[in-house]
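For reference, the structure discussed in these notes is given below.
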Amino acid sequence: MSTVSTRLLEIRTGVLSKNDQLAARLRERFQEAGVLALNFVSSPGSGKTALLERTLTELVRAGRRPAALVGDLATDNDARRLERSGALVRQIQTRDMCHLEAEMISAHLEAAGWNLAELDYLFIENVGNLVCPSGYDLGEQVRVVLLSVTEGEDKPVKYPVLFNSADVAIITKLDLAEACGIDLALMRRNIKEVRPGITIFETSARTGAGMDVWMAWLMARCVEG
């Protein structure tokens, strides 16, 4: 390995070590406060914001206390959409970064001034990217990967690292499955090939299909702490 390559590896290792240490402290804070933190990762256009919009609305309606941190390179479009649910929402603009890091989560929680003990859920909508977010622990207890039916059945085997790091997979835009000619059974097999034992949900934020099962799982996880 060249000197330059060795130096880059040292820098990369140092950055991840610092991130992992901060993520561990965040996870302790979330657990002590009794808030369930979920990190949503996916490609751009998978339907993360639409699913979160419906999820937050239903949680608020059920008397739960959700909040969301929303990562994008620019604009606060997603935050303004999610705020209509009645949940606490804060936009994180990463400018030129293709993922969120633990330091960003810590800084924006501080700036928001939210009392974590008054929350039931903290949703983190990561930047749309199937590569970079997989390497950064944000202190979440649950990592959720979203995959829309418009992306094809083989996305999990093409990007195995992201799917392998997830605890839950949500197949989205189910209302478009027939029009896309998607083989849902093959999509599920490919997800489980790279992440055996993973919990899979199938949803449509537009029609509400599958949302009851997803919401029941969320409610149960919150009660379990």
Side-chain angles (χ1 to χ4, degrees), residues 37-58 68-75 77-79 81-82 91-92 94 96-101 123-138 140-218 221:
L38 305 99
N39 179 10
F40 277 40
V41 293
S42 76
S43 61
S46 66
K48 286 195 302 296
T49 307
L51 183 77
L52 268 179
E53 193 171 23
R54 186 147 188 160
T55 298
L56 292 174
T57 299
E58 294 195 19
L69 293 173
V70 186
D72 279 305
L73 269 68
T75 82
N77 293 350
D78 288 355
R81 274 180 64 183
L82 296 179
Q91 182 76 49
I92 302 176
T94 63
D96 57 353
M97 290 184 64
C98 57
H99 59 274
L100 295 176
E101 296 183 2
F123 294 92
I124 302 169
E125 183 182 354
N126 218 312
V127 178
N129 188 317
L130 286 175
V131 180
C132 304
S134 62
Y136 290 86
D137 183 357
L138 303 182
E140 74 270 17
Q141 292 109 318
V142 182
R143 182 171 292 188
V144 182
V145 61
L146 280 72
L147 174 64
S148 74
V149 299
T150 58
E151 296 177 73
E153 300 93 345
D154 61 351
K155 194 61 71 64
V157 292
K158 286 181 175 177
Y159 297 87
V161 176
L162 188 78
F163 283 86
N164 183 259
S165 69
D167 306 292
V168 171
I170 302 180
I171 297 173
T172 60
K173 304 184 181 181
L174 205 58
D175 53 298
L176 299 178
E178 185 175 350
C180 292
I182 197 77
D183 184 339
L184 284 170
L186 177 57
M187 181 176 274
R188 286 192 292 270
R189 284 201 303 275
N190 284 336
I191 294 171
K192 290 187 174 181
E193 179 181 327
V194 296
R195 186 68 166 94
I198 193 170
T199 300
I200 301 176
F201 298 98
E202 298 176 16
T203 66
S204 168
R206 177 180 294 174
T207 66
M211 288 298 298
D212 54 341
V213 181
W214 161 239
M215 295 304 300
W217 183 88
L218 270 181
R221 283 302 300 259

Provide the full list of side-chain hydrogen bond (donor to acceptor under 3.5 Å, both in side chains) pairs with a residue in [range], sequence neighbours left out, each pair given once.
| range | answer |
| --- | --- |
| residues 142-151 | Ser43-Glu151, Glu140-Arg143, Arg143-Ser165, Ser148-Thr150, Ser148-Glu151, Glu151-Lys155 |
| residues 178-192 | Arg188-Glu202 |
| residues 45-55 | Ser42-Ser46, Ser42-Lys48, Thr49-Asp78, Thr49-Glu125, Glu53-Arg81, Glu53-Arg84, Arg54-Glu58, Thr55-Trp214 |

Do the side chains of [Y] and [X] get nearer than 4.5 Å, heavy atoms only?
| X | Y | result |
| --- | --- | --- |
| Leu174 | Leu184 | yes |
| Phe163 | Ile198 | no |
| Met211 | Leu51 | yes |
| Asp72 | Gln91 | yes |
| Val142 | Trp217 | yes |
| Leu146 | Ile170 | yes |
| Leu38 | Leu218 | yes |

Compare every heavy atom of [Y] with every heavy atom of [X], then report the nearest pair and how far apart it is.
| X | Y | value |
| --- | --- | --- |
| Leu147 | Gly152 | CD1-O, 4.4 Å |
| Cys132 | Asn129 | N-OD1, 3.2 Å |
| Ser204 | Asp175 | OG-OD1, 2.7 Å |
| Leu100 | Gly71 | CD2-CA, 4.0 Å |
| Ile191 | Pro156 | CG1-CG, 3.6 Å |

*Just jot down the ring-ring contact (aromatic ring centres under 6.0 Å, His included) partners of Phe123, sequence neighbours excluded, or say none.*
Phe40, Tyr121
*Quick one: list whatever passes ring-ring contact (aromatic ring centres under 6.0 Å, His included) with Tyr159, sequence neighbours left out.*
none
*asked:* Does Val70 form a side chain to side chain contact (heavy atoms under 4.5 Å, CB included) with Leu52? I'd like the steps, not just the answer.
replied: CA-CA 10 Å; Val70 186; Leu52 268 179; 5.8 Å; no
*Drop me the distance from Met187's CE to Asp154's CG, to the nearest 0.5 angstrom.*
8.5 Å
*Roughly how far, to the nearest 0.5 Å, is CG of Leu162 from CG of Leu130?*
5.5 Å
_Partner of Ile182 under side chain to side chain contact (heavy atoms under 4.5 Å, CB included), chosen from Val149, Leu176, Ile171_ = Val149
*Before giving the answer on side chain to side chain contact (heavy atoms under 4.5 Å, CB included), spell out for Asn126 and Leu138 the whole-Å C-alpha distance, their side-chain angles and the decisive distance to 0.1 Å.*
CA-CA 10 Å; Asn126 218 312; Leu138 303 182; 3.6 Å; yes
*Partner set under side-chain hydrogen bond (donor to acceptor under 3.5 Å, both in side chains) for Asn77, not counting sequence neighbours*: Arg80
